[in-house]
Amino acid sequence: KNTDNKIWDDLDICRAMDRRIGSGDSPAVLDHLFIDEVQDLTKAQVQVLARMIDQNGERCVAVAGDLSQSVQPSAFTWESLRDILYDCLDERVDEEAELNVNFRSTPHLVHAANVLLKEMQGHSGETHRVLQRAYGEEQSDSKGVLGEPVLFFEANETALVKELKENKIPHPGCVLLVRDEETKTRLRDLLDSESKDFIETISNFKGLEMRNVMLWDPASGSERLLDLIYDEKRGEQAQSRSGNITTSILELKHLFVAFTRARWLLGVCLPSDRATKNSFFEHVYHGHDETYWAKFDRFAEFSGDDID
């Protein structure tokens, strides 16, 4: 709270800090500034951090980020970052280094995530979006080791919950990621008590990883907009609305984050009934080598306790 007992938001705090730096109350003391997930910061936050760098010091700055993982609405761009660094440090940065080799996941999982990047490109009209390359594919001694495909489990909710409970999923070696807090709360009530601590939202798990990951209805965000846009009958009309395209890109970014959390096994639970059709996944992934509509016996592959 501020001196008037009013609630401050992040912008208020940034402005106050900026004034303190300008007045000398909080002198610039940083020699080195390293930022990860920079796409999640606001312009004001980045500006305050840049102004904390000592102009007479080492002036070493390194930032990393991925706009494809901007799951919170943000105005961040690499261009705005360059402008801030020039204004604060009088340094002109002409280009960024692109890091596109995925050292985390198997080739099949990387290929499946790349499908989502291509969908983002199609919706945004971008002519260039860097796709990932799997480190494992580039090693001569691991040639042909593609890993397991993404496993889709499609059934009614009752049947899926039953399988999760029988296989004790989630657990310390396999997190269950959901689209929103409401779904997280509901599944915590449906699943066994020992599993509830291993249910998390996609956005809260961003930046983390696990050997095995199970997703629950990950395309359900924004009132199932992705399913609407990819619906055979209603999709064309839905895509004609510009607001839907903007929101669909945000939902695709959530999916991209979800699909890049697993190192080895990735499962996707798709609740389906007469009112819910998984049009997005059926349209985008059917027929791909890196995905497979699996039978329930493969749930057992996620029930191990590997937490390496």
Side-chain angles (χ1 to χ4, degrees), residues 68-73 109 112-113 115-117 119-120 122-123 150-165 169-170 174-191 195-196 198-206 208 210 213-235 237-239 241 243-262 266-286 288 291 293-294 296 299 302:
S68 299
Q69 298 189 43
S70 299
V71 295
Q72 304 296 339
L109 298 188
V115 171
L116 298 171
L117 290 180
E119 292 299 315
M120 286 185 219
H123 285 295
V150 178
L151 300 178
F152 289 103
F153 301 98
E154 188 170 17
N156 63 64
E157 181 177 290
T158 301
L160 291 173
V161 169
K162 180 175 180 290
E163 288 297 319
L164 291 175
K165 294 176 70 172
I169 304 169
C174 178
V175 68
L176 178 63
L177 299 183
V178 301
R179 176 60 182 84
D180 51 53
E181 289 288 344
E182 181 180 351
T183 305
K184 174 181 174 180
T185 300
R186 187 167 60 82
L187 285 178
R188 283 167 65 97
D189 293 335
L190 291 174
L191 296 175
S195 296
K196 65 181 182 179
F198 307 106
I199 306 173
E200 190 52 89
T201 63
I202 294 169
S203 58
N204 284 345
F205 205 73
K206 188 166 70 71
L208 303 176
M210 193 167 282
V213 173
M214 184 71 73
L215 309 180
W216 177 275
D217 202 11
S220 61
S222 301
E223 299 180 337
R224 311 200 70 85
L225 179 61
L226 288 178
D227 284 333
L228 174 62
I229 284 180
Y230 286 83
D231 185 84
E232 290 183 358
K233 297 180 178 179
R234 301 178 296 164
Q237 182 179 357
Q239 291 182 42
R241 301 170 184 170
N244 283 349
I245 297 302
T246 301
T247 304
S248 71
I249 293 173
L250 182 63
E251 291 302 324
L252 286 168
K253 289 180 178 181
H254 272 88
L255 286 178
F256 180 74
V257 169
F259 269 58
T260 53
R261 298 308 94 197
L266 178 64
V268 185
C269 291
L270 299 177
S272 180
D273 54 36
R274 290 183 179 180
T276 303
K277 295 182 179 180
N278 296 291
S279 302
F280 171 78
F281 287 113
E282 291 176 0
H283 177 89
V284 172
Y285 280 111
H286 255 311
H288 282 263
T291 58
W293 261 252
F296 279 2
F299 269 105
F302 294 84

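For the single chain, residues carry numbers from 1 onward in sequence order.
- By the ring-ring contact (aromatic ring centres under 6.0 Å, His included) test, Phe256 pairs with no residue at all, sequence neighbours left out.
- Put simply, the side chain of Thr201 never gets that close to the backbone of Asp180: no donor and acceptor are under 3.5 Å apart.
- Pairing each heavy atom of Lys196 with each of Arg188, the nearest pair is O-NH1, 3.0 Å.
- The shortest heavy-atom contact between Pro170 and Cys174 is CB-O, 3.0 Å.
- Considering only residues two or more places apart in sequence or on other chains, Ala294 meets the side chain to side chain contact (heavy atoms under 4.5 Å, CB included) condition with Leu151, Phe153, Tyr292, Arg298.
- The neighbour count for Lys184 NZ, taken as heavy atoms of other residues, nucleotides or ligands under 6.0 Å away, is above 12.
- In this view, Lys206 and Glu37, Asp40 satisfy the side-chain hydrogen bond (donor to acceptor under 3.5 Å, both in side chains) rule, not counting sequence neighbours.
- Here the CG atom belonging to Leu225 is positioned 11.5 Å from the OG atom belonging to Ser220, to the nearest 0.5 angstrom.
- No side-chain donor-acceptor contact under 3.5 Å links Gln69 to the backbone of Val257.
- Under 3.5 Å, the side chains of Asn244 and Thr247 contain no donor-acceptor pair of N or O atoms.
- Under the ring-ring contact (aromatic ring centres under 6.0 Å, His included) criterion, Tyr230 pairs with His123, Phe280, His283, sequence neighbours left out.
- A heavy-atom distance below 4.5 Å is found between the side chains of Arg224 and Asn278.
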Next on the checklist: Is there a side-chain contact (heavy atoms from CB on, under 4.5 Å) between Leu208 and Val175? Walk through the geometry before answering.
Outcome noted: CA-CA 11 Å; Leu208 303 176; Val175 68; over 6 Å; no
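- Side-chain contact check for Leu177 versus Pro218: every heavy-atom pair is 4.5 Å or farther apart.
- Rounding to the nearest 0.5 angstrom, the gap separating the CG atom in Leu255 from the OG1 atom in Thr260 is 10.5 Å.
- The distance from atom CG of Leu215 to atom CG of Leu176, rounded to the nearest 0.5 Å, is 8.0 Å.
- With sequence neighbours left out, Phe281 forms a ring-ring contact (aromatic ring centres under 6.0 Å, His included) with Phe152.
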Checklist entry - Stepwise, does the side-chain contact (heavy atoms from CB on, under 4.5 Å) test hold for Leu187 with Leu164? => result CA-CA 11 Å; Leu187 285 178; Leu164 291 175; 5.7 Å; no
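- Rounding to the nearest 0.5 angstrom, the gap separating the CD atom in Glu181 from the CG atom in Asn204 is 6.0 Å.
- Taking CG from Asp227 and CG from Asp217, the interatomic distance works out to 7.5 Å, rounded to the nearest 0.5 Å.
- Looking at every heavy atom in both residues, Ser203 comes nearest to His254 through CB-NE2, 4.4 Å.
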Checklist entry - Does the pair Leu191 and Ile199 meet the rule for a side-chain contact (heavy atoms from CB on, under 4.5 Å), with working shown? => result CA-CA 10 Å; Leu191 296 175; Ile199 306 173; 3.9 Å; yes
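- Of all heavy-atom pairs spanning Phe302 and Val213, the tightest one is CE2-O, 3.7 Å.
- Of the possible polar contacts, none joining the Thr183 side chain to the Val178 backbone as a donor-acceptor pair under 3.5 Å is found.
- Not counting sequence neighbours, the partners of Asp231 by the side chain to side chain contact (heavy atoms under 4.5 Å, CB included) test are Lys233, Arg234, Ser279.
- Between Leu250 and Ser222, the closest side-chain pair of non-hydrogen atoms is not below 4.5 Å.
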Checklist entry - Can you check side-chain contact (heavy atoms from CB on, under 4.5 Å) on Leu160 and Phe296, steps first, answer last? => result CA-CA 9 Å; Leu160 291 173; Phe296 279 2; 4.1 Å; yes
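- The CD1 atom of Ile249 sits 10.5 Å away from atom CG of Leu226, with the distance rounded to the nearest 0.5 Å.
- Counting heavy atoms from C-beta on, the side chains of Trp216 and Arg186 come closer than 4.5 Å.
- Of all heavy-atom pairs between Met214 and Cys269, the closest is SD-SG, 3.8 Å.
- Salt-bridge check for Glu200 with Arg261: failed, with every basic side-chain N at 4.0 Å or more from each acidic carboxylate O.
- The existence of a salt bridge linking Glu282 and Lys277 is excluded, since no basic side-chain nitrogen approaches an acidic carboxylate oxygen closer than 4.0 Å.
- Thr291 and Tyr285 make their closest contact through OG1-O, 3.0 Å (heavy atoms, listed as atom of the first residue, atom of the second, distance).
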